[in-house]
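Heads up, the thing below is written out as structure tokens.
Position 1 is the first residue of the sequence; numbering continues from there.
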Amino acid sequence: MAKKESKEMSFMDHLEDLRWLLVRSTLVVIGIAGACYFIDDFIFDTIIFGPKDPSFITYRFFCEVTHFFGVDGTYACAQEFNFKIQNQEVSGQFSMYLWTLMTAGFIIGFPYILWEIWKFISPALYEKERKMAGSFIVVSSLLFFVGVLFGYYVIAPLSINFFATFNVSKQVVNLFTIDSYVSMIKMSIIASGIVFEMPIIVYFLAKVGLVTPEFLRKYRRVAIIIILILAAIVTPPDIPSQIIVSIPIFILYEVSIFIAAVVAKKAETI
């Protein structure tokens, strides 16, 4: 089966395409960020500062889980967070405000960015693969948004709960800067969204032969240990919470092995 075009693009042509990809994607992100200005109250008061409220849905859920398993829920059951958020820089709030809107623009505009990326890599794909553009964008976007929700409703609140309640001495008062608080929320969300893209990343790595199902199976135990360590870092020190965080990542890893196996099998038939 032939590739997209018989006419090969030069290195400079690829750079030009990449430049316009970045320009268009950036303009879309900025445009969406500008539109988010009109709902900034909702973004900050409801979304950003939502996990700061002890009655946030995640804390209530984990509290019920720990009670169900008969585990000490001291860290999971948030009663009151003994910390305040402060601004220490003249332009601190304004800078944080702009970058938060840009992050919102990136998250909402992620499907468009995927479409631009697909257009960029499509010349290297087979004709049948290029027809999968819609499926690629839908599945990748779905995985990303599920990861974003997982990061917001699981990773971020558990991290806030832990750091807000951890205390070396009663003489120490927690005064978190607005930048550190918002950065933790944003990093939890974006990092989780990218991690949930694991099956898509493995698919393309398997296509170019950098990853094989045998490799993933061989290092499954190592991957499990890494996942458990990450879960232990971002969750309270109770087993139920760590299991809840680890399960989705385990599933993604197993799905990635299946995808790599499918790619390898198709490669053998070509």
Side-chain angles (χ1 to χ4, degrees), residues 36 39-104 107 145-193 195 228-249:
C36 288
I39 57 171
D40 57 354
D41 289 341
F42 173 77
I43 292 176
F44 286 95
D45 295 336
T46 303
I47 297 180
I48 298 297
F49 295 114
K52 184 179 179 293
D53 187 349
S55 64
F56 191 64
I57 185 173
T58 302
Y59 305 130
R60 290 186 276 114
F61 172 77
F62 275 93
C63 185
E64 293 177 2
V65 169
T66 54
H67 287 161
F68 178 80
F69 286 97
V71 180
D72 181 14
T74 302
Y75 290 96
C77 300
Q79 299 297 326
E80 182 180 357
F81 291 142
N82 187 26
F83 75 89
K84 294 184 178 180
I85 299 178
Q86 59 179 337
N87 176 51
Q88 295 183 329
E89 299 180 6
V90 175
S91 61
Q93 292 196 57
F94 180 73
S95 176
M96 176 276 301
Y97 178 85
L98 291 180
W99 281 110
T100 300
L101 293 186
M102 289 295 291
T103 302
I107 293 174
F145 289 133
V146 170
V148 166
L149 292 175
F150 182 76
Y152 178 71
Y153 283 105
V154 179
I155 304 297
L158 290 179
S159 299
I160 292 172
N161 189 17
F162 176 76
F163 291 116
T165 56
F166 182 80
N167 188 301
V168 295
S169 172
K170 292 183 179 180
Q171 300 182 49
V172 180
V173 179
N174 287 325
L175 296 174
F176 301 152
T177 65
I178 182 65
D179 183 64
S180 64
Y181 175 85
V182 174
S183 294
M184 184 174 64
I185 297 289
K186 291 191 295 184
M187 288 303 299
S188 297
I189 292 174
I190 298 299
S192 182
V195 169
L228 289 174
I229 292 175
L230 291 175
I233 292 174
V234 301
T235 60
D238 61 83
I239 295 177
S241 298
Q242 295 174 10
I243 292 176
I244 291 174
V245 171
S246 301
I247 286 176
I249 307 178

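- Nearest heavy-atom pair, S246 versus L228, reported as atom, atom and distance to 0.1 Å: OG-CD2, 3.8 Å.
- Scanning both residues, I185 and P51, for their nearest heavy atoms gives CD1-CG, 4.2 Å.
- Side-chain atoms of S192 come within 3.5 Å of backbone N or O of G147 as a donor-acceptor pair.
- Cation-pi geometry between K52 and F83 is met: under 6.0 angstrom from the ring centre, within 45 degrees of the axis.
- The number of heavy atoms from other shown groups lying within 6.0 Å of CD1 (I57) does not exceed 12.
- Between the side chains of S55 and D53, at least one donor N or O sits under 3.5 Å from an acceptor N or O.
- Distance CD1/I178 to CE/M96: 4.0 Å, rounded to 0.5 Å.
- Ring geometry for F81 versus Y59: interplanar angle over 60°, hence perpendicular rather than tilted (30 to 60°).
- The environment of CE in M184 is crowded: more than 12 heavy-atom neighbours from other residues, nucleotides or ligands sit within 6.0 Å.
- Considering all non-hydrogen atoms of both residues, G92 and N87 come closest at CA-OD1, 3.4 Å.
- A donor-acceptor contact closer than 3.5 angstrom is absent between the side chains of S180 and S183.
- Expressed to the nearest 0.5 Å, how far CD1 of I190 lies from OG1 of T103 amounts to 6.0 Å.
- Proximity of the aromatic rings of F56 and Y153 is defined here by a centroid distance below 6.0 angstrom, and this criterion is met.
- Distance check, rounded to the nearest 0.5 Å: OG1 of T177 to NZ of K84 gives 15.5 Å.
- Between the side chain of S95 and the backbone N or O of S91, no donor-acceptor pair lies under 3.5 Å.
- No more than 12 heavy atoms of other residues, nucleotides or ligands shown are found within 6.0 angstrom of CD on E89.
- Between the side chain of Y181 and the backbone N or O of I48, at least one donor-acceptor pair lies under 3.5 Å.
- Between the OH atom of Y97 and the CD1 atom of I43 there is a distance of 7.5 Å, given to the nearest 0.5 Å.
- Taken to the nearest 0.5 Å, the CD atom of Q86 stands 12.0 Å off from the CG atom of D179.
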